[in-house]
Every structure is written in structure tokens, then in C-alpha cells.
Q: 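I'd like to ask some things about the structure below.
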Protein chains: 2
Amino acid sequence: MKKKKYSISELASELEISPSSIRFYEEKGLINPERTKGNQRIYSMRDRARLKLILRGKRFGFSLSEISEMIGFANSEPEEKHQLERSLEYSEKKLSEIAQRKEELELIEKDLLEMKEKFIKRLQKLKE
Amino acid sequence: MKKKKYSISELASELEISPSSIRFYEEKGLINPERTKGNQRIYSMRDRARLKLILRGKRFGFSLSEISEMIGFANSEPEEKHQLERSLEYSEKKLSEIAQRKEELELIEKDLLEMKEKFIKRLQKLKE
DNA sequence: CTCAAACTTAAAGTTAAGTTAAACTTAAAT
DNA sequence: ATTTAAGTTTAACTTAACTTTAAGTTTGAG
């Protein structure tokens, strides 16, 4: 069991983002690291995992507030039936968004493949 | 053969974006519609196709300047060998970016599926 | 203890991608 | 011919997501 703790700059360089971005995410309510006696931030493995999730979400195209919403749902322990149903719906909605993105990805890929083929053919003609 | 021409607002409503966005894309050099005698923009099928490509690229996460670069490559008719090779490289680079995105998509999908399963299990426990 | 490196906050600055507003022109409908 | 809907340009405004700066504090090495 690793209990490693990170300073802000350690974590930043590991994740290849700037310390300021990490502070910015905190300001937006996406993470909440502990503090030392002297008020400096200390990040746990859990914090690091959460940051990775944030970055993945960003690369996918979610906005910070969407990510924040998702994290909220993921971390709440809703024992009330209605709450649970809402959370379930939410995750289904996001999953269908992902399905749509996948399709779009295929379309773009097709465009690019066609482009590539054209270039290849032209190159071959040049060699004749 | 359809030779339909569009006014800016027709095209905008068809693509579900605002006329101002279309003008903005033009300002950024992404399209270049013809003009009427009275200086109003007229869009051809070709322009419409290009706009669709722009929107697809955006949904994928490309920035406007990346899209602009892509369009440049797609539309150039490079007959010089070196140019062609550069274009080929470019399309391969973009294709590998897409492959990466696909993997990330899978990761996020996994996260969300886990979340969903959790919610479902809790709901079932409530019913016991 | 001292000093530099790393940290802190708060506020201002930046960039991308639009949107909105003002002032004017063109096209279409009656 | 007149009115109105749609279009034009230019410039200012907006929002998200950071980044930078300034001024001060904490930590770790020697």
C-alpha cells in the first residue's frame, strides 16, 4: 500500500501541468488537498487519482463544471431512492454522449484516411 | 446535381449555429463565400460541406487553428514530392491523435460504467 | 541562524471562441 | 415607393480556463 504524499510541484510535474492549474482546479472546487501546519498543500494518492480523472475528462471535451458535476455524483453516497435514480440517469446520459462522440470520431477518421490515400496515390504517380 | 445556394441565415439555421459564428469562421480564414452584387454572402454546397467539416472537427476537440491547418492540407494540390510527403506525414499524425482519443474515450467509458453499476447495486439493495 | 527554493494568496492579464450592439445598407413584400 | 426583414462592418463585451505578477511565508540545507 502506497501512502505517498505529493507537494504541489511534484504532482504538477508528474501530471505535466502547472502548479497554478492545480490551484485553479481547487479554486473551482474540483479538489481539496490537506494542508501542512504552514498552510502548504499536500496531495494524497486519492487526490492524484482525482486529478487524473479531471485531465481525462478535459481531453474528452468535458468542461470543468461538467467534470465537477460528475465528480459530485461519483462521490456522493446517495442513499435516497430518488437521488440514486437521478445519478443513474446522469451516468446513462453521459454514456450516450460518449457513444455519439465515438461515431463522430469514426467520421473524422474516415475523412483523414481519404486524405491520406489521396496523398499516397499522388506520390505513386510521381514515381512512375 | 444540386447547385443550391444559401444565405447566411439559411445555412446557420440548417447547421444550428448562429450567423455570427459563420462570420467569425470567415474572419478566421476558414471559409470564403461569394458575395452578391450588394455584398451579401452566398454559400455554395461546397461551403456548406466545409462548414460541416469545421463543426465536426470542433466537436472532436480540434481548435479552429488546427482545423484551419487541416483544411489547408486537404485543399492544397501539392505536386511537389516534398510537399506531398509533408502532407502525408501530417495526416498520419492526426490519425494517431485520433487513435489516442479513442483509447481515452474507452477509459472514460469504463469509469462511467463502473459508476453506473454502483448506482444500480445500491438501488437493488434498497429494494430488498 | 541564514538564505534560497518552494510555497502562499489575491488580483490582473491572456487567449480562444464566440456574442452583442450600433450604425448603416440591401432585398423582398405590399 | 415604402416599409421591414435580413444583411453588412467594426468594435466592444463575455466566458472559460488558465497564466503571470506581486508581495509575502514556510521549508530544508548548510
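Values reported hereafter were calculated over all heavy atoms of this structure, with side chains retained and with hydrogens, waters and symmetry mates removed. Below, chain A is the first sequence line, B the second, and so on; all start at residue 1.
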Q: Can you work out whether A:Ser20 or B:Tyr43 has the more 5'-proximal nearest nucleotide on DNA chain D?
A: B:Tyr43
Q: Compare the minimum distances between each of C:dT9, C:dA17, D:dT8 and the side chain of A:Arg23, then state the nucleotide with the smallest one.
A: C:dT9
Q: Side chain of B:Leu64 only, please: which of C:dT8, C:dA17, C:dA27 is the nearest?
A: C:dA17
Q: Starting the side chain at C-beta, find the nucleotide from C:dC7, D:dA17, C:dA27 nearest to A:Lys58.
A: D:dA17
Q: Mark yes when over 12 heavy atoms from residues, nucleotides or ligands other than B:Glu34 sit less than 6.0 Å from its CD; otherwise mark no.
A: no
Q: Does A:Arg48 come within less than 4.0 Å of A:Glu14, counting only side-chain N to carboxylate O?
A: yes
Q: What contact category does A:Lys28 fall into here, base, sugar-phosphate, or nothing, at under 4.0 angstrom with non-hydrogen atoms?
A: nothing
Q: Calculate the interatomic distance between A:Phe62 atom CZ and D:dA17 atom P; express it in whole Å.
A: 13 Å
Q: Between A:Asp47 and A:Arg41, does any side-chain N to carboxylate O distance fall below 4.0 Å?
A: no
Q: Verify the contact: side-chain N or O of B:Ser9 to OP1 or OP2 of D:dG7, cut-off strictly under 4.0 Å; return yes or no.
A: yes
Q: Please report, rounded to the nearest Å, how far the C1' atom of C:dT26 is from the CD1 atom of B:Ile8.
A: 14 Å
Q: Answer with base, sugar-phosphate or nothing: what part of the nucleic acid does B:Lys37 contact at a heavy-atom distance below 4.0 Å?
A: nothing
Q: To the nearest Å, give me how far apart CG (A:Leu55) and C1' (D:dA17) are.
A: 13 Å
Q: Could you state the atom-to-atom distance from CD of B:Glu27 to C1' of D:dA12 in whole Å?
A: 13 Å
Q: Take a 6.0 Å sphere around CZ of A:Arg35 and say whether it holds more than 12 heavy atoms from other residues, nucleotides or ligands.
A: yes
Q: Using a 4.0 Å heavy-atom cut-off across all strands, classify B:Ser21 as base, sugar-phosphate, or nothing.
A: sugar-phosphate
Q: Does a side-chain N-to-carboxylate-O contact under 4.0 Å join A:Lys116 and B:Glu92?
A: yes
Q: Which whole-number value in Å describes the distance from A:Phe24 CZ to C:dG13 P?
A: 17 Å
Q: For B:Ser7 and A:Gly38, find the nucleotide of DNA chain D closest to each by heavy atoms; which residue's nucleotide sits nearer the 5' end?
A: B:Ser7
Q: Taking for each residue the nucleotide of DNA chain C with the nearest heavy atom, is it A:Ile42 or B:Asn39 whose nucleotide lies nearer the 5' end?
A: A:Ile42
Q: Answer with base, sugar-phosphate or nothing: what part of the nucleic acid does B:Arg41 contact at a heavy-atom distance below 4.0 Å?
A: sugar-phosphate
Q: What integer distance in Å separates B:Glu66:CD from C:dT15:P?
A: 18 Å
Q: Can you check the B:Glu10 CD to C:dA28 C1' distance for me, whole Å?
A: 13 Å
Q: Can you see if the side chain of B:Thr36 gets near the phosphate of C:dA27 - specifically, an N or O under 4.0 Å from OP1 or OP2?
A: yes
Q: Counting just side-chain N and O atoms, does B:Arg35 come under 4.0 Å of either OP1 or OP2 of C:dT25?
A: no
Q: What integer distance in Å separates A:Tyr25:OH from D:dT19:C1'?
A: 12 Å
Q: May I have the step-by-step check of salt bridge (Lys or Arg N to Asp or Glu O under 4.0 Å) for A:Lys28 and A:Glu69, ending in yes or no?
A: CA-CA 11 Å; A:Lys28 293 279 145 170; A:Glu69 206 187 351; over 6 Å; no
Q: OP1 or OP2 of D:dT19 less than 4.0 angstrom from a side-chain nitrogen or oxygen of A:Ser18, does that happen here?
A: yes
